[in-house]
Amino acid sequence: MQYPSGKVSAQKPVTFVTISPEEEGQRIDNYLFRTCKGVPKSHIYRVLRSGEVRVNKGRIDQTYRLVADDVVRIPPLQVAERPEQYVPGGNFKILHEDSQLLIINKPSGTAVHGGSGVSYGVIEQLRAARPNEKFLELVHRLDRETSGILLLAKKRSALVKLHEQIRAGTVDKRYQVLVHGDWKNQRQHVKLPLHKYLTSEGERRVRVQEDGIASYTIFNVLKKYDEFTLLEAELKTGRTHQIRVHLSSMGYAIAGDDKYGDFSLNRELQKADSWRGSLKRMFLHAYKITFVHPESGEEQTIEAPLPPECESFISKLKSTSA
């Protein structure tokens, strides 16, 4: 068998794997996608349909959910021979770590995972830096340009419990965001439906659209400056680019936002002038999150201070409010 790369494929032998408690609960197809790197999804679905993949010596379908101590038979699989991509181990600021969770402070400009023209992201770098970690998965995502708190689960049970909290809307996520203009209300509820689409260049974008998905953000004024307002954004739903699109649709550009912002303003901000410093990134930072710890059951709050480049920028602005 040959794959589109044109290179002859190698074949893995039959293997038997015993499922650990950390791997319990995931679907067999997702488990195979994660563990059988380089094998096309179509090939994995073919061996599932044919019964070549077995659990405890019995046939299963692609929707079967694994249980601890299941013995999975994985048949010989064709693996496309591609040069292995080098992924440098990531050295990120750790805000909290225990047996269940790893919480880091992600810098702006770093993707959370590879794809869409990005070779690797936070998750790949952390796995490279922690080769003995049996399980490490993103609990949620942040835009590449957004900095701040990022949760990762070290056990599947922790991932499942945190996802349940996110779906139930009980995880409290707060962001600090600097917008251009004078924000009028001290506290404002914004409920605008959002629709995802692709540009003619194939880039993902989001816009407000009547038949879009319900989206809800609460904005609180933290501080006012001559030409800017520092807001706290409280996410009630977690849609793609939600804060950015809600603000731009109301006529408030996030400083440094290169997708939905004011492009001429962004160019001006790149250079310092007599009344302010320079800003060479988007001013959107995930600074606080509150959730119930998946093991202890206790409420936990994690905070991440504004990055130095953001703190430096607002420190030079003239404040008009306390």
Side-chain angles (χ1 to χ4, degrees), residues 92-98 100-110 112 122 138-154 158-159 161-179 183 185-190 215-225 228-247 252 254-257 279 281-315 319 321-322:
F92 302 101
K93 170 69 176 174
I94 296 174
L95 300 171
H96 173 84
E97 183 170 12
D98 57 36
Q100 306 285 314
L101 299 172
L102 172 64
I103 305 177
I104 67 164
N105 191 359
K106 185 189 85 68
S108 175
T110 303
V112 294
V122 170
L138 294 163
V139 173
H140 62 110
R141 299 178 183 183
L142 290 176
D143 290 346
R144 183 177 182 176
E145 301 88 351
T146 303
S147 58
I149 299 168
L150 184 66
L151 272 64
L152 299 101
K154 294 169 68 175
L159 182 67
K161 288 178 181 177
L162 287 165
H163 278 173
E164 287 172 353
Q165 291 180 51
I166 290 171
R167 283 194 294 271
T170 57
V171 176
D172 187 352
K173 296 180 188 175
R174 306 286 177 111
Y175 294 72
Q176 288 182 336
V177 54
L178 188 73
V179 297
W183 189 270
N185 300 320
Q186 183 62 34
R187 181 173 172 85
Q188 185 161 341
H189 297 252
V190 177
S215 308
Y216 181 15
T217 315
I218 300 173
F219 294 102
N220 302 297
V221 173
L222 295 177
K223 199 161 189 176
K224 289 193 173 188
Y225 302 92
F228 297 91
T229 306
L230 182 64
L231 300 171
E232 176 191 67
E234 180 182 339
L235 282 184
K236 293 300 184 182
T237 56
R239 313 302 180 204
T240 301
H241 299 170
Q242 177 175 317
I243 295 171
R244 300 165 72 175
V245 178
H246 274 177
L247 287 169
Y252 291 92
I254 298 178
D257 187 346
L279 183 70
R281 55 157 289 180
M282 179 172 68
F283 200 124
L284 179 58
H285 177 69
Y287 87 99
K288 185 162 70 172
I289 189 167
T290 301
F291 58 93
V292 174
H293 192 278
E295 185 175 48
S296 70
E298 296 179 358
E299 188 173 270
Q300 186 164 5
T301 297
I302 302 292
E303 295 192 31
L306 269 178
E309 64 273 19
C310 293
E311 193 67 64
S312 173
F313 182 76
I314 59 173
S315 71
S319 173
S321 70

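All residue numbers in this chain count up from 1 along the given sequence.
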Next on the checklist: Apply side chain to side chain contact (heavy atoms under 4.5 Å, CB included) to residues Ile149 and Lys173 and explain how you reach the verdict.
Outcome noted: CA-CA 9 Å; Ile149 299 168; Lys173 296 180 188 175; over 6 Å; no
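- Taking CD of Gln300 as the start and CZ of Phe291 as the end, the distance is 4.0 Å to the nearest 0.5 Å.
- Looking at heavy atoms from C-beta onward, Leu284 lies out of side-chain contact with Asp257 at the 4.5 angstrom threshold.
- Looking only at side-chain heavy atoms (C-beta outward), Leu231 and Val221 come within less than 4.5 Å of each other.
- Of all heavy-atom pairs between Thr146 and Met282, the closest is OG1-CE, 3.5 Å.
- Separating the CD atom in Glu309 from the OG atom in Ser108 is a distance of 7.0 Å, to the nearest 0.5 Å.
- Of the possible polar contacts, one joining the Asp98 side chain to the Gln100 backbone as a donor-acceptor pair under 3.5 Å is found.
- Listed by chain and residue number, Tyr216 satisfy the ring pair (Phe, Tyr, Trp, His ring centres under 6.0 Å) test with His189 (two or more places apart in sequence, or in another chain).
- Looking at every heavy atom in both residues, Glu234 comes nearest to Arg187 through OE1-NH1, 3.7 Å.
- Distance check, rounded to the nearest 0.5 Å: CD of Gln165 to CZ of Arg167 gives 10.5 Å.
- Side chain of Lys224 to backbone of Trp183: a donor-acceptor contact under 3.5 angstrom is found.
- Residues Tyr175 and Leu142 form a side-chain contact, since some pair of their non-hydrogen atoms from C-beta on lies under 4.5 Å apart.
- Smallest separation of non-hydrogen atoms from Pro294 and Lys161: O-NZ, 3.1 Å.
- A 4.5 Å side-chain heavy-atom check between Ile289 and Ile103 finds every atom pair outside the cut-off.
- Proximity of Ile314 to Phe283: side-chain heavy atoms (C-beta onward) are separated by under 4.5 Å at one or more points.
- Judged by distance alone, the side chain of Thr217 and the main-chain N or O of Leu235 form no donor-acceptor pair under 3.5 Å.
- Counting only heavy atoms from C-beta outward, the side chains of Leu230 and Tyr225 approach each other to under 4.5 Å.
- Contact record, Ala233 with Val177: CB-CG1, 4.4 Å, taken as the closest heavy-atom pair.
- Side-chain contact between Phe219 and Ile243 is present, with heavy atoms from C-beta onward closer than 4.5 Å.
- Taking the six-membered ring for Trp and thresholds of 30 and 60 degrees, Phe313 and Phe228 have ring planes more than 60 degrees apart, a perpendicular arrangement.
- The distance from the CG atom of Leu138 to the CG atom of Leu151 is 10.0 Å, given to the nearest 0.5 Å.
- Contact annotation: the side chain of Leu95 never approaches that of Ile104 to less than 4.5 Å [non-hydrogen atoms, C-beta and beyond].
- The main-chain N or O of Ala304 is found under 3.5 Å from a side-chain atom of His285 such that the two form a donor-acceptor pair.
- Atom CG of Leu150 sits about 12.5 Å away from atom CD1 of Ile302, to the nearest 0.5 Å.
- Here the side chain of Ser315 pairs a donor or acceptor atom with the backbone of Ser312 at under 3.5 angstrom.
- Every residue two or more places apart in sequence or in another chain that forms a salt bridge (charged side-chain N to carboxylate O under 4.0 Å, His left out) with Asp172 is listed here: Arg174.
- A donor-acceptor pair is defined here as one N or O able to donate and one able to accept, closer than 3.5 Å; such a pair exists between the side chain of Lys106 and the backbone of Arg144.
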Item to check | Verdict with reasoning, Arg281 to Ser147, per side chain to side chain contact (heavy atoms under 4.5 Å, CB included) | outcome: CA-CA 10 Å; Arg281 55 157 289 180; Ser147 58; 2.9 Å; yes
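- Across Arg244 and Asp143, no two heavy atoms sit closer than the pair NH1-OD2, 2.9 Å.
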